[in-house]
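This report concerns only the one structure given below.
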Number of protein chains: 2
Amino acid sequence: MLTQTRPDPSPSAHDRVYRGLRTRIMHGDMAPGQSLTLRGVGREFGVSMTPARESLRRLVAEGALTMSASGRVSTPELSNERIEELAALRALIEVELASRALPRAHMALIERLQTINAGLAEAIARQDPVAYIRANLEFHRTLYLRAQAPAMLAMAETVWLQLGPTMRMLYGRLRRKEVPQFHRMMISALKAGDEPGLRLAVRSDVTQGLKMLQG
Amino acid sequence: MLTQTRPDPSPSAHDRVYRGLRTRIMHGDMAPGQSLTLRGVGREFGVSMTPARESLRRLVAEGALTMSASGRVSTPELSNERIEELAALRALIEVELASRALPRAHMALIERLQTINAGLAEAIARQDPVAYIRANLEFHRTLYLRAQAPAMLAMAETVWLQLGPTMRMLYGRLRRKEVPQFHRMMISALKAGDEPGLRLAVRSDVTQGLKMLQG
DNA sequence: ATGGTCTTCTTGTGATCACAAATTCGGGCG
DNA sequence: CGCCCGAATTTGTGATCACAAGAAGACCAT
């Protein structure tokens with residue numbers, strides 16, 4: 001087949017394909033409604049249909065992609081109700097994660113969050129939505145990792161994944177000029193050890209994107 | 001994860017296998033640590049390795065099964081921390097679902113919940129853990145369906161699935177003699193339209209199993 | 001042009017196979 | 001009796017194929 005140099009023999013084929021597609025979806029570089037075929041994905045990653053099928057089905061199982069009755073796979077076009085629901089889920093889970101991370105958040109972590117925020121500002125300046133989304137997710141994940149709650153973090157990531165394709169559209173409308181105010185509010189609350197303030201900041205940050213959807 | 005439950009237009013092989021294994025896991029008739037093989041599952045359901053593999057991988061993606069580094073699949077043996085985390089997730093999500101269902105809960109729904117509760121009592125009398133778990137899940141799902149929040153419900157079901165194999169062990173220790181008090185409390189709160197009471201009742205019901213784990 | 005029908009191409013499904021890695025089992029040694 | 005090493009077996013992975021169903025396009029009639 002396609003003779004492609006394989007520098008990494010360790011990760012299985014389906015893992016490479018899965019991870020490639022997953023980050024692509026989560027970072028929002030696929031438009032909603034875009035369709036994917038087994039042979040197309042296989043050709044792109046230099047594998048046969050088998051690993052391609054497994055990757056796609058897995059992403060469908062995680063809600064990152066949708067499958068029509070005939071088995072065709074495409075990125076989802078979410079209804080406003082679905083988006084609202086997913087945002088509510090983000091609020092629920094991420095507020096809890098932040099709350100659990102708070103007592104473990106030391107200065108090194110806060111500094112790292114500020115560094116990520118700087119990268120975020122750069123992405124905003126460049127008007128680069130993919131970099132923006134990636135930095136935004138990294139900001140949240142970095143904080144939540146401190147919560148030591150892997151099942152909750154996995155849940156949150158699943159929600160991010162489902163919102164991925166729409167996220168770009170959402171942030172595309174947002175002509176942002178500076179780092180989100182709620183990120184700064186989160187950092188202040190972390191420094192002060194202010195749990196109610198942190199919870200409010202996270203909830204506000206998570207649901208802010210939704211508000212402009214309705215506007 | 002998002003089990004887009006359509007009636008049944010496509011009894012595809014992998015769907016039959018998936019559903020069979022899924023209900024078996026969620027209802028707790030598989031012990032933790034039990035291993036599953038592709039050829040074994042295939043033989044049991046009369047299909048080849050391909051649909052068996054897809055089903056197992058899907059269940060692994062949903063957290064219902066775990067996969068070792070060598071690709072062996074088995075039911076998970078959850079640590080106490082993991083169980084506690086999953087219970088916290090149940091509390092978070094299900095309290096929200098109940099809260100959203102409350103304004104839509106009419107008398108017909110409450111009567112149905114009471115009917116399910118009667119079946120639950122019967123399962124308790126028979127000392128039948130699988131029937132107990134099934135009725136318990138049905139009680140919760142029936143209420144949450146009224147919330148009109150499919151993404152949240154899917155999330156809750158995913159958590160149930162992950163807890164499935166341990167659930168039996170948990171409820172096995174519980175020498176229960178009567179219908180859970182918190183189910184009755186939930187019904188009272190529903191009748192009274194008492195949202196704080198409902199939230200408390202759901203949270204208590206969800207986390208009660210955990211408490212005896214530590215005892 | 002427009003609508004419908006037929007053909008053609010595309011696509012997903014499930015079975016089978018070769019292969020490699022891991023597990024298991026047996027025998028022999030300390 | 002316990003431990004370790006090697007062979008036999010089990011098991012997952014990925015490729016390929018035949019097949020059916022669906023989508024797309026061509027073609028003709030109106």
Side-chain angles (χ1 to χ4, degrees), chain A residues 1-22 25 30-77, chain B residues 2-22 25 30 32-77:
Chain A
M1 267 300 113
L2 285 201
T3 55
Q4 196 151 331
T5 55
R6 215 95 48 204
D8 48 346
S10 22
S12 60
H14 113 268
D15 236 44
R16 255 184 319 121
V17 178
Y18 168 75
R19 265 190 252 280
L21 291 177
R22 182 186 143 103
I25 293 168
M30 299 193 103
Q34 188 171 342
S35 69
L36 297 168
T37 66
L38 294 185
R39 291 169 178 87
V41 170
R43 209 176 314 125
E44 182 179 346
F45 286 86
V47 297
S48 78
M49 286 168 54
T50 311
R53 174 154 44 151
E54 283 182 6
S55 306
L56 290 183
R57 293 201 90 111
R58 179 168 176 188
L59 289 164
V60 168
E62 292 171 353
L65 298 172
T66 60
M67 179 176 281
S68 74
S70 64
R72 255 82 178 191
V73 171
S74 59
T75 55
E77 306 185 74
Chain B
L2 285 203
T3 319
Q4 205 67 311
T5 46
R6 60 185 70 262
D8 202 355
S10 54
S12 64
H14 113 267
D15 237 43
R16 259 184 317 120
V17 179
Y18 168 74
R19 266 190 252 278
L21 291 177
R22 181 187 144 104
I25 293 168
M30 299 193 103
Q34 189 170 341
S35 68
L36 296 167
T37 66
L38 294 185
R39 291 168 178 86
V41 171
R43 209 177 313 124
E44 182 180 347
F45 286 87
V47 297
S48 80
M49 286 168 53
T50 311
R53 175 154 45 150
E54 283 183 4
S55 305
L56 289 184
R57 293 201 91 111
R58 179 168 175 186
L59 288 164
V60 168
E62 292 170 353
L65 298 172
T66 60
M67 178 176 282
S68 74
S70 65
R72 254 81 180 198
V73 172
S74 60
T75 54
E77 306 185 75

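A note on names: the letters A, B, ... follow the listed sequences, proteins ahead of strands, and every chain is numbered from 1.
Note that the two end axes of the helix from C/dA1-D/dT30 to C/dG30-D/dC1 enclose an angle of 20°, each drawn from 5 base pairs, rounded to 10 degrees.
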Any N/O pairs under 3.5 Å between the protein and nucleotides 8-14 of chain D? List them or say none.
{"from": "D/dT11", "atom 1": "O4'", "to": "B/Arg72", "atom 2": "NH2", "distance (Å)": "3.1"}
{"from": "D/dG12", "atom 1": "OP2", "to": "B/Leu38", "atom 2": "N", "distance (Å)": "2.9"}
{"from": "D/dG12", "atom 1": "N7", "to": "B/Arg39", "atom 2": "NH1", "distance (Å)": "3.0"}
{"from": "D/dG12", "atom 1": "O6", "to": "B/Arg39", "atom 2": "NH2", "distance (Å)": "3.2"}
{"from": "D/dT13", "atom 1": "OP1", "to": "B/Arg57", "atom 2": "NH1", "distance (Å)": "3.3"}
{"from": "D/dT13", "atom 1": "OP2", "to": "B/Arg57", "atom 2": "NH1", "distance (Å)": "3.1"}
{"from": "D/dG14", "atom 1": "OP1", "to": "A/Ala13", "atom 2": "N", "distance (Å)": "2.5"}
{"from": "D/dG14", "atom 1": "N7", "to": "B/Arg53", "atom 2": "NH1", "distance (Å)": "3.3"}
{"from": "D/dG14", "atom 1": "N7", "to": "B/Arg53", "atom 2": "NH2", "distance (Å)": "2.8"}

Listing time: all N or O pairs from protein to nucleotides 5-7 of chain D that are below 3.5 Å?
none

Checking A/Arg57 against B/His14 for the side-chain hydrogen bond (donor to acceptor under 3.5 Å, both in side chains) test, could you report, in this order, the C-alpha distance in whole Å, the side-chain angles of both residues, the deciding distance, and whether it holds? CA-CA 11 Å; A/Arg57 293 201 90 111; B/His14 113 267; 3.0 Å; yes

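In this structure the side chain of A/Thr66 never reaches within 4.5 angstrom of the side chain of A/Val73, judged on heavy atoms. Between A/Glu62 and A/Tyr18, the closest side-chain pair of non-hydrogen atoms falls below 4.5 Å. Here the side chains of A/Arg22 and A/Arg58 are not in contact, with every heavy-atom distance at 4.5 Å or above.
If you take CD on A/Glu54 and CG on A/Leu38, they are separated by 11.0 Å, rounding to the nearest 0.5 Å. A distance of 6.0 Å separates CG in B/Leu56 from CG in B/Leu36, rounded to the nearest 0.5 Å.
Every residue two or more places apart in sequence or in another chain that forms a side-chain contact (heavy atoms from CB on, under 4.5 Å) with A/Ser35 is listed here: A/Ser74. Residues forming a side-chain contact (heavy atoms from CB on, under 4.5 Å) with B/Gln34 (at least two apart in sequence, or on another chain): B/Met30, B/Ala31, B/Thr75.
Summarising the geometry of A/Pro76 relative to A/Pro32, their closest heavy-atom pair is O-CB, 3.5 Å, with the distance given to 0.1 Å.
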Identify all side-chain donor-acceptor contacts of residues 39-52 of chain B below 3.5 Å with residues at least two apart in sequence or on another chain.
{"from": "B/Glu44", "atom 1": "OE2", "to": "B/Arg24", "atom 2": "NH1", "distance (Å)": "3.2"}
{"from": "B/Glu44", "atom 1": "OE2", "to": "B/Arg24", "atom 2": "NH2", "distance (Å)": "2.7"}
{"from": "B/Ser48", "atom 1": "OG", "to": "B/Thr50", "atom 2": "N", "distance (Å)": "3.3"}

